[in-house]
Student: 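One structure, pasted below without further comment.
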Amino acid sequence: MAYHSGYGAHGSKHRTRAAPDSPPLFDDTSGGYSSQPGGYPAPGADVAFSVNHLLGDPVANMAMAYGSSIASQGKDIVHKELHRFVSVNKLKYFFAVDTAYVAKKLGLLVFPYTHQDWKMQYSHDVPLPPRNDLNAPDLYIPTMAFITYVLLAGTALGIQKRFSPEVLGLCASTALVWMVMEVLALLLGLYLATVRSELSTFHLLAYSGYKYVGMILSVITGLLFGSDGYYVALAWTSSALMYFIVRSLRTAALGPDSMGGPAPRQRLQLYLTLGAAAFQPLIIYWLTFHLVR
Amino acid sequence: MSNLGEYEMDFYQSNYIIDQQEQSYHDSNAYGNLYGSRQTQATEQHQPSSSVPPEMFLPASYAGQPFQPASNLDYYPHSSSDDGFDEEPPLLEELGINFDHIWQKTLTVLNPMKPADGSIMNETDLTGPILFCVALGATLLMAGKAQFGYVYGMSAIGCLLLHTLLNLMSSAGVSYGCVASVLGYCLLPMVILSSCAIFFSLQGTLGTASVLLIITWCSLSASKIFISALSMEGQQLLVAYPCALFYGLFALLTIF
């Protein structure tokens, strides 16, 4: 209809009119606005004049205020629910890292055989953050290693001319599912063995995420030196990782007072640790062999 | 007849500043003609309708209310129309797009060796980043890959992850808009890379070297700005690495 097309042009001209007095024919609340030029924020009104004109002012303003309050309430609810499941402070502990720690930890993951002291340090029964204690687990390295693995997988597939952006998502979700299953299996094992330990879910997540460093090294070696290089690197990183996990988990599960509990329980814990360690090479091979054909 | 009158009114560009009483009178008349059966209007409005010739219907009478019954028009608070047409702020200023600022931020990004001050990202401006994302998508399109969706999706998810990571790693929090703004500005070298990729393939040794160089450039700029904005000491490499991963995703799209 013609008046729609002329709407924009006329709207601007419409604004040249001064505010009229309340017309006597119709008596409603909008009359209160008529003499208030500051009733609207001026730039907002200019940009959004069409919205204002469309909806009728006092109702529109109330609706907008209500909508924004609903939005902030929604955000608060999301934050509250998130904080119920994930304690941000506990999570921040795992990210309190610095460059020196990361460098040393990466070296430890590749060559753990000469490291002497595997005990975690505590101050007043609270574990020291990774910044101050090399043996403390962190989540920065596993997260970065995971994403690097996904990128490397994309690169390797691209070199094999099998790349498309969907493949990235496929690799990422596959690896994520394997990680989740491993953590769940470990949790189940710990629960069934009624092992009372200091290991929370984030600890387990961290330790199972360290294998991605080994995966990355294997894939890079495979890409640079071919299939033989891949198997050599696989063997080396698997053994290093198994050693690292056994040594770390044995001392990490002890807690600040170094008391492990009764002997059968300790044996169960040992078996669990060994099982977790033995699983690592399998999963490393499973997730990387198709990249270095 | 009223339809023809409407058409005429649309082209009536002149003479829009009229007496207000007359205007409201004509408004009601215009709508009285269009909505002849508006019972909600007071009946007095209908009476003069027949006596007003069409050429007295002015353009302003159609202002504002194509979707509302005309009865609201008169009672509509016109307080926002206190600004004259000439006194409106320009469109770019209203939208908050300041080309000078965008240019300055771009220059800061292009020189990663110059130390940045932390105040540069106080105003989170998403116009530049979105422009660069569109430019990246356009250059990819010219190379034969219509991957706009992946560019936007990856930048959104990457910004979200980096925002989470920076909030966890630093003591002072950072807002999502700031992260998105910084990452978007530092995407500019990637746009340069993908425009080069139109002309020659990046899969050789030279291509790999240039890709790595560009990724380092992008991530150094981004981490430099983050470090100065969040005052995290001893962690520049730790911040640079996730940024490098983020830009590596785009490099993957560009190369393969």
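Lettering of chains follows the sequences in order, A, B, ..., and the numbering in each one begins at 1. This is a predicted model, so every value here is computed, not measured. Note: hydrogens, waters and symmetry copies are ignored here, and every other heavy atom, side chains too, is used.
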Student: Find the one option among A/V102, A/L157, A/V97 whose heavy-atom pairs under 4.5 Å with chain B are most numerous.
Tutor: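 Highest number of pairs under 4.5 Å: A/V97.
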Student: Which heavy atom in A/F95 sits nearest to a heavy atom in B/L168, and how many Å separate them?
Tutor: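 That would be CE1-CD1, 3.5 Å.
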Student: To the nearest 0.5 Å, tell me how far A/S164 OG sits from B/L252 CG.
Tutor: 11.5 Å
Student: Quick one: what part of B/L165 sits under 4.5 Å from any heavy atom of chain A, side chain, backbone, both or neither?
Tutor: side chain
Student: Could you list the donor-acceptor pairs under 3.5 angstrom formed by side chains in residues 150-162 of chain B, with sequence neighbours left out?
Tutor:
residue : atom : partner : partner atom : Å
B/Y150  : OH   : A/E166  : OE2          : 2.5
B/S155  : OG   : B/V151  : O            : 2.6
B/S155  : OG   : B/Y152  : O            : 3.0

Student: Output the distance between atom CZ (B/F256) and atom CD (A/Q160), rounded to the nearest 0.5 Å.
Tutor: 10.0 Å
Student: Most heavy-atom pairs under 4.5 angstrom with chain A, which of B/N167, B/L237, B/L249?
Tutor: B/L249
Student: Looking only at heavy atoms, what is the nearest atom pair of B/Q147 and A/P165, with distance?
Tutor: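 So the two residues come closest at NE2-CG, 3.7 Å.
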Student: Please determine, among B/G248, B/A244, B/P242, the option with the most heavy-atom pairs under 4.5 Å with chain A.
Tutor: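 Most heavy-atom pairs within the cutoff with chain A belong to B/P242.
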Student: For B/Y176, does the OH atom have more than 12 heavy-atom neighbours from other residues, nucleotides or ligands under 6.0 Å away?
Tutor: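 Result for OH/B/Y176: enclosed.
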Student: Using a heavy-atom distance cut-off of less than 4.5 Å, which residues of residues 132-151 of chain A contact chain B?
Tutor: A/Y140, A/M144, A/I147, A/T148, A/L151
Student: Below 4.5 Å from any heavy atom of chain B, which atoms of A/R131 appear? Answer side chain, backbone, both or neither.
Tutor: side chain
Student: Nearest 0.5 Å, please: how far is CD in B/Q236 from CG in A/D98?
Tutor: 14.0 Å
